[in-house]
Visitor: 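Sharing a structure here in structure tokens format.
One is the number of the first residue; the rest follow in order along the sequence. Note that this is a predicted model, so its numbers are computed, not measured. Computed over heavy atoms, backbone and side chain alike; hydrogens, waters and symmetry mates excluded.
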Amino acid sequence: MSDTCYIFFRPGKATLESAESSLMEYGLTVDRADGRLVVHLPGSPSFMVRLANAEHVQAEAAGVGAGTEHEAEMSACTERFEIEIEDLAEALDEINTLMEIQWALQEASGGFLFLPWNASLSKP
């Protein structure tokens, strides 16, 4: 079973191509596979990055932002990057790669990072 964290952002702020460029600027290895990115560093776990913009994304963003200082901004987010983590314990043990992926995607999109496993929401 995999875990996922999210970068929520406003429409048109980023693409999979801009995400790929930003990830590569951070020195990460990026491969394309079936409309998503496979990201890793040598000796680190691999992470899958997808761009989602289905109708449910805005509702989920609004739910995540509800009652926070970012409520208004989050309710305007209709797109997100989804970072799939195959083994959360392994990823957290070697946290640097995951953090660099999150930073690169936030930089590419100006988006909000949401970690479901601890309900943490971080502004860009």
Side-chain angles (χ1 to χ4, degrees):
M1 178 154 177
S2 64
D3 287 279
T4 306
C5 61
Y6 308 98
I7 311 291
F8 289 96
F9 55 95
R10 291 176 180 261
K13 290 288 188 180
T15 64
L16 210 53
E17 290 75 21
S18 65
E20 181 178 18
S21 294
S22 185
L23 291 161
M24 290 172 66
E25 286 175 15
Y26 273 76
L28 296 155
T29 301
V30 182
D31 300 305
R32 285 185 170 260
D34 300 321
R36 55 189 172 173
L37 305 175
V38 180
V39 185
H40 64 91
L41 284 173
S44 76
S46 291
F47 301 86
M48 298 288 206
V49 176
R50 287 184 296 275
L51 175 63
N53 56 9
E55 287 185 27
H56 70 276
V57 171
Q58 186 171 20
E60 290 177 18
V64 166
T68 72
E69 64 184 291
H70 309 298
E71 185 169 5
E73 294 164 295
M74 285 292 291
S75 67
C77 294
T78 61
E79 299 185 47
R80 71 182 179 199
F81 289 119
E82 301 172 344
I83 306 169
E84 184 178 322
I85 304 161
E86 188 62 36
D87 183 337
L88 182 59
E90 179 185 18
L92 294 176
D93 188 48
E94 197 288 300
I95 191 68
N96 292 337
T97 303
L98 178 57
M99 289 176 64
E100 288 188 16
I101 292 169
Q102 292 166 340
W103 292 333
L105 295 176
Q106 277 192 286
E107 187 175 292
S109 65
F112 291 84
L113 170 64
F114 178 62
L115 308 176
W117 53 86
N118 66 5
S120 172
L121 179 62
S122 303
K123 66 181 180 178

Visitor: About how many Å separate CD of Gln58 and CZ of Arg10, when rounded to the nearest 0.5 Å?
Guide: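 Between atom CZ of Arg10 and atom CD of Gln58 there are 10.0 Å.
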Visitor: Could you tell me whether a side-chain N or O of Ser22 sits under 3.5 Å from a main-chain N or O of Leu105, the two making a donor and an acceptor?
Guide: no
Visitor: When you compare the side chain of Lys123 with that of Glu73, does any pair of heavy atoms fall below 4.5 Å?
Guide: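 No, their side chains stay 4.5 Å or more apart.
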Visitor: Looking at residues at least two apart in the chain, or sitting in another chain, which of them share a side-chain hydrogen bond (donor to acceptor under 3.5 Å, both in side chains) with Arg32?
Guide: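 Glu17, Glu20.
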Visitor: Enter the distance from Leu37:CG to Glu84:CD here, rounded to the nearest 0.5 Å.
Guide: 12.5 Å
Visitor: About how many Å separate OG1 of Thr4 and CD of Glu86, when rounded to the nearest 0.5 Å?
Guide: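 Taking CD in Glu86 and OG1 in Thr4, the distance rounds to 10.0 Å.
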Visitor: Decide yes or no for Asn53 and Thr78: does some side-chain heavy atom of the first lie under 4.5 Å from some side-chain heavy atom of the second?
Guide: no
Visitor: Find out if a path of hydrophobic residues (ILVMFWY) with successive side-chain heavy-atom gaps under 4.5 Å connects Leu115 to Val39.
Guide: yes
Visitor: Working to the nearest 0.5 angstrom, can you tell me the gap between Ile7 CD1 and Ser122 OG?
Guide: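 Separation between the atoms: 8.5 Å.
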Visitor: Please, which pairs that meet side chain to side chain donor-acceptor pair (under 3.5 Å) have at least one residue in residues 60-72, sequence neighbours excluded?
Guide: Glu60-Arg80
Visitor: Quick one, Leu28 with Leu41, criterion side chain to side chain contact (heavy atoms under 4.5 Å, CB included). Give me CA distance, side-chain angles, the key distance, then yes/no.
Guide: CA-CA 6 Å; Leu28 296 155; Leu41 284 173; 3.6 Å; yes
Visitor: Are the side chain of Glu82 and the backbone N or O of Cys5 linked by a donor-acceptor pair below 3.5 Å?
Guide: no
Visitor: Only counting residues at least two apart or in another chain, list the ones meeting ring-ring contact (aromatic ring centres under 6.0 Å, His included) with Tyr6.
Guide: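 Checked Tyr6 against ring-ring contact (aromatic ring centres under 6.0 Å, His included); matches are Phe8.
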Visitor: State, yes or no, whether a side-chain contact exists between Phe114 and Ser120 at a heavy-atom distance under 4.5 Å.
Guide: no
Visitor: For residues Ala19 and Ala108, report the shortest heavy-atom separation together with the two atoms involved.
Guide: CA-CB, 4.2 Å
Visitor: I need the Leu16 CG to Phe81 CZ distance, nearest 0.5 Å.
Guide: 6.5 Å
Visitor: Are Leu51 and Phe9 side-chain neighbours, meaning at least one heavy-atom pair lies under 4.5 Å?
Guide: yes
Visitor: Quick check: closest heavy atoms across Val30 and Leu23, and the distance to 0.1 Å?
Guide: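 Minimum heavy-atom contact is CG2-CB, 3.7 Å.
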Visitor: Determine, for Lys13 against Glu79, whether the closest basic-nitrogen to carboxylate-oxygen distance falls under 4.0 angstrom.
Guide: no
Visitor: Rounded to the nearest 0.5 Å, how far does CZ of Phe47 lie from OG1 of Thr97?
Guide: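 Spacing of OG1 (Thr97) from CZ (Phe47) equals 6.0 Å.
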Visitor: Using every non-hydrogen atom in the two residues, find where Ser46 and His40 come nearest and quote the distance to one decimal.
Guide: OG-CB, 3.6 Å
Visitor: Nearest heavy-atom pair of Gly65 and Leu121: which atoms, and what distance?
Guide: CA-CD2, 4.3 Å
Visitor: For Ala76 versus Pro11, what's the shortest heavy-atom pair and its separation?
Guide: O-CD, 3.7 Å
Visitor: Take Trp117 and Ile85, measure what side chain to side chain contact (heavy atoms under 4.5 Å, CB included) needs, and give me the verdict at the end.
Guide: CA-CA 12 Å; Trp117 53 86; Ile85 304 161; 3.6 Å; yes
Visitor: Same cluster for Trp103 and Leu113 if Ile/Leu/Val/Met/Phe/Trp/Tyr side chains link at under 4.5 Å?
Guide: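 Same cluster: Trp103 reaches Leu113 through Ile, Leu, Val, Met, Phe, Trp or Tyr contacts under 4.5 Å.
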Visitor: Would a single hydrophobic cluster contain both Val49 and Val38, if residues Ile, Leu, Val, Met, Phe, Trp and Tyr are joined by side-chain heavy-atom contacts under 4.5 Å?
Guide: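 Hydrophobic grouping puts Val38 apart from Val49.
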Visitor: On a heavy-atom basis, which atom in Pro124 and which in Gly110 lie closest, and how many Å separate them?
Guide: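 That closest heavy-atom pairing would be CG-O, 3.0 Å.
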